[in-house]
Structure formats: C-alpha cells, structure tokens
J.: 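Here you go, one structure.
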Amino acid sequence: MKYNTNAKRLTLPEYGRNIQNMVDYCVTIEDRNERNRCANAIISIMGNMFPHLRDVNDFKHILWDHLAIMADFNLDVDYPYEIVKKENLHQRPPRVPYRENELIYKHYGETLERLINKVALMEEGEEKETLVHLIANQMKKSFLIWNKDSVDNQKILKDLAELSERRIVRRTETFKIADASELLDTSQRNNNNNKKNKKNHSRKGS
C-alpha cells in the first residue's frame with residue numbers, strides 16, 4: 001500500500017495530492033498540443049475547487065502561477081499570462097521606510113499634529129478660534145491621560161505654539177481652556193455611555 005506520508009512533499013497542499021499527480025503527469029506529455037489541453041483541464045479543476053474566489057481580481061492568473069509552481073517551472077505550455085519567475089518566489093518584500101519626521105510629542109498623537117497644521121493655515125476668524133479651543137482642550141485631555149498629574153494651561157499653549165511653528169500663539173490671560181476635572185469627567189461620562197450602549201446592544205441581540 002502506498003501512503004501519502006511516503007510521497008514527495010506537496011508544494012501547494014491546498015490543491016491536494018490528486019492535482020499534484022495531474023500536474024506531474026502533464027509535464028511528461030510529449031505532444032505540445034496535448035500538453036496544452038491537459039494544462040487547461042487542470043486549471044478548470046483547480047478553479048472549481050475554489051468557486052468563492054472567482055470574483056477575485058486576476059483569479060485565473062493566480063491559478064496559472066500556481067500551476068507553474070506545482071510543476072516546479074518545468075511545464076512547457078502556452079501560458080495565457082506572464083508567469084511568476086522562480087527566482088522571485090522567495091524574495092523578501094521591500095523594506096517599509098520609517099517616518100522621516102518623528103512626532104515631537106507622542107502623547108498628542110499624529111492626527112492632532114496634522115489637525116494643528118491645517119488649522120494654523122486657516123484665516124483668522126470665529127471658525128478658526130473655535131477649532132483652536134477644541135484642539136487645546138483635546139491636547140490637555142491627551143496630556144492628562146499620558147500624565148495623571150495636573151498640567152497648567154501655559155504648558156498646553158506653549159506646546160501648541162511649538163507644534164504650529166508659532167502660527168497659533170495664544171496667552172493664558174485671554175485664552176480659556178477647560179479645567180482638568182471637567183475634561184476627565186467628560187471622558188469618564190463618555191466611557192460610561194459607551195459601556196451602557198454595548199450592554200443594551202448585547203441584551204437586544206440575546
């Protein structure tokens with residue numbers, strides 16, 4: 001009796017031993033036309049094994065790539081697509097470059113820094129001033145989450161000026177920022193409301 005454990009290792013196990021045997025046989029066919037017909041028949045069978053993937057872009061191209069891989073690139077047929085090269089199979093992906101500009105203050109986050117830069121370019125007016133107040137309050141809340149000790153408003157406005165390259169400069173004497181207790185209390189209320197909503201949602205679903 002022949003056991004699969006004694007057979008050669010499958011290159012693409014998801015297709016199974018029978019498909020691999022078909023591919024191995026296809027490689028041995030001497031007549032090119034017959035070999036082409038055999039390869040197309042194998043592709044049809046491979047496609048029928050994964051009908052839910054037929055809408056995936058380049059599905060057929062992927063199948064032909066897999067056929068070439070299972071044949072160890074020894075199958076000489078008329079491929080309808082440019083097949084992946086053997087030497088490219090195990091190439092490492094290109095290295096993802098690191099950010100060139102590190103965040104000045106990580107506790108504020110990248111999104112807030114981008115928002116500061118956008119608001120800094122706005123014309124002076126009521127809309128800009130409203131956004132500056134929202135940003136300053138969010139900065140203070142983020143700072144308090146990162147550092148549980150209280151922070152004075154002067155520190156927040158100093159950081160705001162620095163992050164905006166001094167395009168947004170406000171003074172504590174004339175610029176109002178919410179108290180720490182108010183910001184933390186609002187954050188706590190939001191957390192409690194979220195928990196209640198999740199609890200109510202789970203009850204409805206049960």
J.: Mind checking salt bridge (charged side-chain N to carboxylate O under 4.0 Å, His left out) for Glu34 and listing every partner two or more places apart, or none if nothing turns up?
T.: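 Once residues adjacent in sequence are excluded, the partners of Glu34 under the salt bridge (charged side-chain N to carboxylate O under 4.0 Å, His left out) criterion are Arg37.
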J.: Do Val84 and Phe73 have side chains that get closer than 4.5 Å, going by heavy atoms?
T.: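 Yes, close enough: below the 4.5 Å cut-off.
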J.: According to salt bridge (charged side-chain N to carboxylate O under 4.0 Å, His left out), who are the partners of Lys128, at least two apart in sequence or on a separate chain?
T.: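 With sequence neighbours excluded, Lys128 shows a salt bridge (charged side-chain N to carboxylate O under 4.0 Å, His left out) to Glu124, given in chain and number order.
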J.: Considering non-hydrogen atoms only, spot the tightest contact between Ile156 and Ala136 and give its length.
T.: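 For Ile156 versus Ala136, the nearest heavy atoms are CG2-O, 3.7 Å.
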J.: Name all pairs fulfilling the side-chain hydrogen bond (donor to acceptor under 3.5 Å, both in side chains) condition that reach into residues 38-48, sequence neighbours left out, sorted by first residue then second.
T.: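 Listed once each, the pairs are Asn48-Arg54.
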J.: Verify the neighbour count for atom OH of Tyr81: are there more than 12 heavy atoms of other residues, nucleotides or ligands below 6.0 Å?
T.: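 Correct, the count exceeds 12.
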J.: What I want to find out is whether Glu162 reaches Arg166 closely enough, with some N-O distance under 4.0 Å, to be called a salt bridge.
T.: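 So Glu162 does not pair with Arg166 through a salt bridge.
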J.: Indicate the atoms forming the closest heavy-atom contact of Ile62 with Asn57, along with that distance.
T.: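 Where Ile62 meets Asn57 most closely, the heavy atoms are CD1-O, 4.2 Å.
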J.: Which value, rounded to the nearest 0.5 Å, describes the distance between Tyr108 atom OH and Phe143 atom CZ?
T.: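 The distance works out to 5.5 Å.
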J.: How would you list, by chain and number, every residue that makes a salt bridge (charged side-chain N to carboxylate O under 4.0 Å, His left out) with Asp159, sequence neighbours excluded?
T.: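 Asp159 satisfies salt bridge (charged side-chain N to carboxylate O under 4.0 Å, His left out) with Lys155 once adjacent residues are dropped.
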J.: Kindly indicate whether the side chain of Leu157, heavy atoms from C-beta on, has any atom under 4.5 Å from the side chain of Ile177.
T.: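 Contact flag for Leu157/Ile177 side chains = yes.
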J.: For Arg114 and Thr111, indicate whether the former's side chain and the latter's backbone hold a donor-acceptor pair under 3.5 Å.
T.: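 No, because the side chain of Arg114 does not come within donor-acceptor range (under 3.5 Å) of the backbone of Thr111.
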J.: Who passes side chain to side chain contact (heavy atoms under 4.5 Å, CB included) against Val77, sequence neighbours left out?
T.: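 Side chain to side chain contact (heavy atoms under 4.5 Å, CB included) list for Val77, sorted by chain: Arg35, Asn36, Ala39, Trp64, Leu75, Tyr79.
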J.: Under a 4.5 Å cut-off applied to non-hydrogen side-chain atoms, are Leu115 and Gln138 in contact?
T.: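 The answer is no; the side chains never approach within 4.5 Å.
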J.: In chain order, what residues pass the salt bridge (charged side-chain N to carboxylate O under 4.0 Å, His left out) check against Lys85, with sequence neighbours excluded?
T.: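 Salt bridge (charged side-chain N to carboxylate O under 4.0 Å, His left out) list for Lys85, sorted by chain: Glu82.
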J.: Take atom CD of Gln154 as the centre, draw a 6.0 Å sphere, and report whether it contains more than 12 heavy atoms from other residues, nucleotides or ligands.
T.: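 It does not: Gln154 CD has 12 such atoms or fewer within range.
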J.: Tell me every residue that passes side chain to side chain contact (heavy atoms under 4.5 Å, CB included) with Asn74, counting only those two or more places apart in sequence or in another chain.
T.: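 Side chain to side chain contact (heavy atoms under 4.5 Å, CB included) list for Asn74, sorted by chain: Val27, Asp72.
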J.: Looking at every heavy atom in both Ala68 and Ile83, which two are closest together, and how far apart are they?
T.: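 Heavy atoms of Ala68 and Ile83 come nearest at CB-CG2, 3.4 Å.
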J.: Can you sort out the partners of Leu63 under side chain to side chain contact (heavy atoms under 4.5 Å, CB included), two or more places apart, ordered by chain and number?
T.: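 Here the qualifying residues are Tyr15, Ile43, Met46, Phe59, Lys60.
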J.: Output the distance between atom CG (Asn137) and atom OG (Ser142), rounded to the nearest 0.5 Å.
T.: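 Output value for this atom pair is 10.5 Å.
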J.: Grab the two heavy atoms, one from Gly16 and one from Leu10, that are nearest each other, plus how far apart they are.
T.: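 Between these two residues, the closest heavy atoms are C-CD1, 4.0 Å.
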J.: Would you call Glu113-Lys118 a salt bridge at under 4.0 Å N-O?
T.: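 Judged by the 4.0 Å cut-off on N to carboxylate O distance, Glu113 and Lys118 do not form a salt bridge.
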J.: At what distance, to the nearest 0.5 angstrom, does NZ of Lys158 lie from OG1 of Thr172?
T.: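 Reported value, rounded in 0.5 Å steps: 14.0 Å.
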J.: Residues two or more places apart in sequence or in another chain: which of them pass side-chain hydrogen bond (donor to acceptor under 3.5 Å, both in side chains) with Arg32?
T.: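 Partners of Arg32 under the side-chain hydrogen bond (donor to acceptor under 3.5 Å, both in side chains) test: Asp76, Asp78.
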J.: Which residues pass the side chain to side chain contact (heavy atoms under 4.5 Å, CB included) test with Glu14, not counting sequence neighbours?
T.: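 So Glu14 forms a side chain to side chain contact (heavy atoms under 4.5 Å, CB included) with Leu12, Phe50.
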J.: Heavy-atom distance under 4.5 Å between the side chains of Ser164 and Asn117, does that happen here?
T.: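 Not in contact.
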J.: Only pairs at least two apart or in different chains count here, so list each salt bridge (charged side-chain N to carboxylate O under 4.0 Å, His left out) that has a residue in residues 18-29.
T.: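 Of all non-adjacent pairs touching residues 18-29, those that pass salt bridge (charged side-chain N to carboxylate O under 4.0 Å, His left out) are Lys8-Asp24.
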J.: State, with a plain yes or no, whether a side-chain heavy atom of Ile19 is found less than 4.5 Å away from one of Met70.
T.: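 Yes, at least one pair of side-chain atoms sits under 4.5 Å.
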J.: For the hydrophobic clusters of this structure (ILVMFWY residues joined by side-chain heavy atoms under 4.5 Å, transitively), does one cluster hold both Val169 and Phe175?
T.: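 Cluster IDs for Val169 and Phe175 differ.
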J.: Not counting sequence neighbours, which residues clear side-chain hydrogen bond (donor to acceptor under 3.5 Å, both in side chains) with Asn153? List them please.
T.: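 side-chain hydrogen bond (donor to acceptor under 3.5 Å, both in side chains) list for Asn153, sorted by chain: Lys140.
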J.: Rounded at 0.5 Å granularity, tell me how far CD in Glu129 sits from CD1 in Ile168.
T.: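 Rounded to the nearest 0.5 Å, the CD-CD1 separation comes to 9.0 Å.
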J.: Do other residues, nucleotides or ligands put more than 12 heavy atoms under 6.0 Å from the CD atom of Glu127?
T.: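 No, because the 6.0 Å sphere around CD of Glu127 holds 12 heavy atoms or fewer from other groups.
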